[in-house]
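Presented below is the structure to which this report refers.
Worth knowing before you read on, the calculation uses all heavy atoms, side chains too, and leaves out hydrogens, waters and symmetry mates.
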Amino acid sequence: MTASRVLVLNSGSSSVKYQLLDMADRSRLAVGLVERIGEETSRLVHEPLAGPAAAGGKREQAGPIADHEAALKAVAAELAADGTGLDSPELAAVGHRVVHGGTRFTLPTVIDDEVLTEIRNLIPLAPLHNPANVTGIEVARSLRADIPQIAVFDTAFHSTMPEYAARYAIDAATADTYSVRRYGFHGTSHAYVSRATADLLGRPVEDVNVIVLHLGNGASASAVRGGVCVETSMGMTPLEGLVMGTRSGDLDPAVVFHLARVGGLSVDEIDSLLNKKSGLLGMCGDNDMREVLRRAGEGDESARLAFDAYVHRLKKYIGAYAAVLGRVDAVAFTAGVGENAHQVREAALDGLAELGLALDLEANAARSPQPRLISADYTRVAVAVVPTDEELEIATQAYALVTQ
């Protein structure tokens, strides 16, 4: 029997998201989430999607789960109850989402002690994410030390950017000493969506230039030429770029100095302000685009202003990336807002007919879980809605590595 299953783990500071996939047919066998790890109110939700266990639907556990080791052992028990446990000979690999790979990791990588040390060394670049990623890796290795553990990095897809796009215009020695450069994030989503868009157009990915707009609570844009990223909106951290749910996106750096000198805010307070209390939340008090749209529709001026600022920034990046690419074959919307908020798509492309962009308004307003074109028939640039699948992308990259 050829091992073809991959368990994908996305370990956060207090949560573990997971999916078990069979790469023989790219099907999902189970999905689940452990949340509020370390609290009395921990919860595990597990849903088998194949085999006899699927008939029973979702299963939930409530009660304290002390740490990530206990969480992953609980996940292993749920999978074992389905007959798809971690001890299965069909399990080929465990794929781990790792947020920051720096300049060291630009491809999916088999994790050994040296690699794990390097990921730990990158914690200063991703202090909120890499520590939890490391914990998930350590626990998974202890549970199945005999199978490959594969790290797939959020930053890797963007490592192809030319130096002039990745470099900030600051003193070069300082930048090199402190690893200050543009890395970009959401890379697995941008990689998946750029290929899926080419598939939707029926063209080889090497022949397609696409602007990918990953719009969720975190949001980023990328310019992808022939399957290769040449520019992206997030920078050294996920703070730069588009207006997001709670992040400011692009900001005059001197605002930080002003808030420190005049406002007396500490570095930590400014960090919290820009990452957790800005964006849509900071402008109108809501970071959920559905609520922002509802309030704006009822005449709420702060919600309307937040929406307009969000769309204005998005439109600026579309225009800028059209210039970077020179020729745009498609604009692809993805993630929670990109896939579901037709008002955002319509407003972002309004007035861009000179760039070859126009929507079929009826197609844009229709809801569907499938990849689809929503552009008007007469336009030269396709507009697509492509549901992202980061777990499948991680599993695909991990499985390709272990079967080489």
Side-chain angles (χ1 to χ4, degrees), residues 3-23 28-35 37 67-76 78-79 84-86 88 91-102 104-123 125-159 183 185-192 238 388-404:
S4 59
R5 294 176 181 173
V6 177
L7 176 63
V8 175
L9 294 178
N10 182 353
S11 298
S13 58
S14 61
S15 68
V16 175
K17 297 178 184 177
Y18 64 93
Q19 291 194 15
L20 180 66
L21 300 97
D22 190 334
M23 299 313 294
R28 282 174 175 75
L29 304 180
V31 300
L33 166 69
V34 187
E35 58 185 350
I37 295 171
D67 51 30
H68 281 72
E69 182 175 4
L72 284 178
K73 285 181 177 178
V75 170
E78 290 293 336
L79 292 170
T84 56
L86 296 188
S88 169
L91 188 62
V94 179
H96 297 268
R97 179 201 180 207
V98 180
V99 167
H100 217 304
R104 166 74 170 78
F105 298 108
T106 60
L107 295 169
T109 303
V110 178
I111 301 167
D112 57 19
D113 291 342
E114 180 184 352
V115 168
L116 190 55
T117 297
E118 289 291 324
I119 295 172
R120 287 195 190 97
N121 291 340
L122 290 166
I123 284 175
L125 290 175
L128 299 179
H129 298 95
N130 271 32
N133 302 156
V134 166
T135 300
I137 291 168
E138 290 173 332
V139 174
R141 289 180 82 198
S142 72
L143 294 176
R144 278 302 304 266
D146 59 312
I147 64 169
Q149 309 277 332
I150 310 298
V152 178
F153 298 90
D154 269 16
T155 50
F157 181 66
H158 305 300
S159 66
Y183 295 100
F185 300 88
H186 296 144
T188 51
S189 178
H190 287 276
Y192 176 86
T388 192
D389 199 331
E390 294 176 85
E391 290 79 13
L392 178 59
E393 181 66 21
I394 292 170
T396 300
Q397 292 191 30
Y399 190 64
L401 183 58
V402 300
T403 55
Q404 283 177 353

Q.
With a 4.5 Å cut-off on side-chain heavy atoms, are Leu125 and Tyr183 touching?
A. yes
Q) How about Ser159 and Thr106: does a side-chain donor come under 3.5 Å of a side-chain acceptor? A) no
Q) Is any side-chain heavy atom of Leu392 less than 4.5 Å from a side-chain heavy atom of Arg28? A) yes
**Q.** side-chain contact (heavy atoms from CB on, under 4.5 Å) partner of Ile111, the single match among His96, Glu138, Glu118
**A.** His96
Q: Quick one: closest heavy-atom pair of Ala92 and Ser4, and the distance?
A: CB-N, 4.3 Å
Q) Between the main-chain N or O of Val99 and the side-chain N or O of Asn133, is there a donor-acceptor pair closer than 3.5 Å? A) yes
**Q.** Distance (rounded to the nearest 0.5 Å) between Ser189 OG and Ile394 CD1
**A.** 10.5 Å
Q) Taking all non-hydrogen atoms of both residues, which atom of Val152 and which atom of Pro108 are closest, and how far apart? A) CG2-CB, 4.2 Å
Q: Evaluate side chain to side chain contact (heavy atoms under 4.5 Å, CB included) for His68 paired with Val16, printing each intermediate quantity in order.
A: CA-CA 8 Å; His68 281 72; Val16 175; 3.8 Å; yes
Q. So which heavy atom on Phe157 is nearest to which on Ala191, and how close?
A. CD1-CB, 3.6 Å
Q.
Between His100 and Phe185 (judged by ring centroids, cut-off 6.0 Å), do the two rings come close enough to count as a pair?
A. yes
**Q.** Flag side-chain contact, heavy atom, 4.5 Å: Leu20 against Arg5
**A.** yes
Q: Any chance you could measure Leu86, atom CG, to Leu143, atom CG, to the nearest 0.5 Å?
A: 6.5 Å
**Q.** Ring geometry between His158 and His190 (parallel below 30°, tilted from 30 to 60°, perpendicular above 60°)
**A.** perpendicular
Q: Please report the closest heavy-atom contact between Ser15 and Leu33, naming both atoms and the distance.
A: CB-CD1, 4.3 Å
Q) Under 3.5 Å, is there a donor-acceptor pair linking the side chains of Thr188 and Glu390? A) yes
Q.
We want to know whether Arg141 and Gln149 form a side-chain donor-acceptor pair, criterion being a heavy-atom distance below 3.5 angstrom.
A. no
**Q.** Stepwise side chain to side chain contact (heavy atoms under 4.5 Å, CB included) test for Ile119 and Phe153
**A.** CA-CA 10 Å; Ile119 295 172; Phe153 298 90; 4.2 Å; yes
Q | CG-CD1 distance between Leu7 and Ile147, expressed to the nearest 0.5 angstrom | A | 8.0 Å
Q.
Treating Thr109 as the side-chain partner and Leu107 as the backbone partner, does any N or O pair qualify as donor plus acceptor under 3.5 Å?
A. yes
Q: Decide yes or no for Leu9 and Leu72: does some side-chain heavy atom of the first lie under 4.5 Å from some side-chain heavy atom of the second?
A: yes
Q. How long is the span from the CD atom in Glu391 to the OH atom in Tyr192, to the nearest 0.5 Å?
A. 10.5 Å
**Q.** Gap between atom CG of Leu79 and atom CG of Leu91 - 0.5 Å precision
**A.** 9.0 Å
**Q.** Separation of Tyr18 OH from Glu78 CD (nearest 0.5 Å)
**A.** 6.0 Å
Q) Is there a side-chain contact between Val110 and Val115 (heavy atoms, below 4.5 Å)? A) no
Q: Would you name the heavy atoms of Thr155 and Gly101 that are closest together and state the gap between them?
A: OG1-N, 2.9 Å
Q: Please check if the side chain of Ser88 supplies one atom and the backbone of Thr84 the other of a donor-acceptor pair under 3.5 Å.
A: no
Q) Does the side chain to side chain contact (heavy atoms under 4.5 Å, CB included) test come out yes or no for Arg97 and Asp154, once each step is laid out? A) CA-CA 7 Å; Arg97 179 201 180 207; Asp154 269 16; 2.7 Å; yes
Q) Going by heavy atoms in the side chains, are Ile137 and Val98 under 4.5 Å from each other? A) yes
Q: Please report the shortest heavy-atom distance between Ala126 and Pro131, naming the atom on each side.
A: O-CD, 3.5 Å
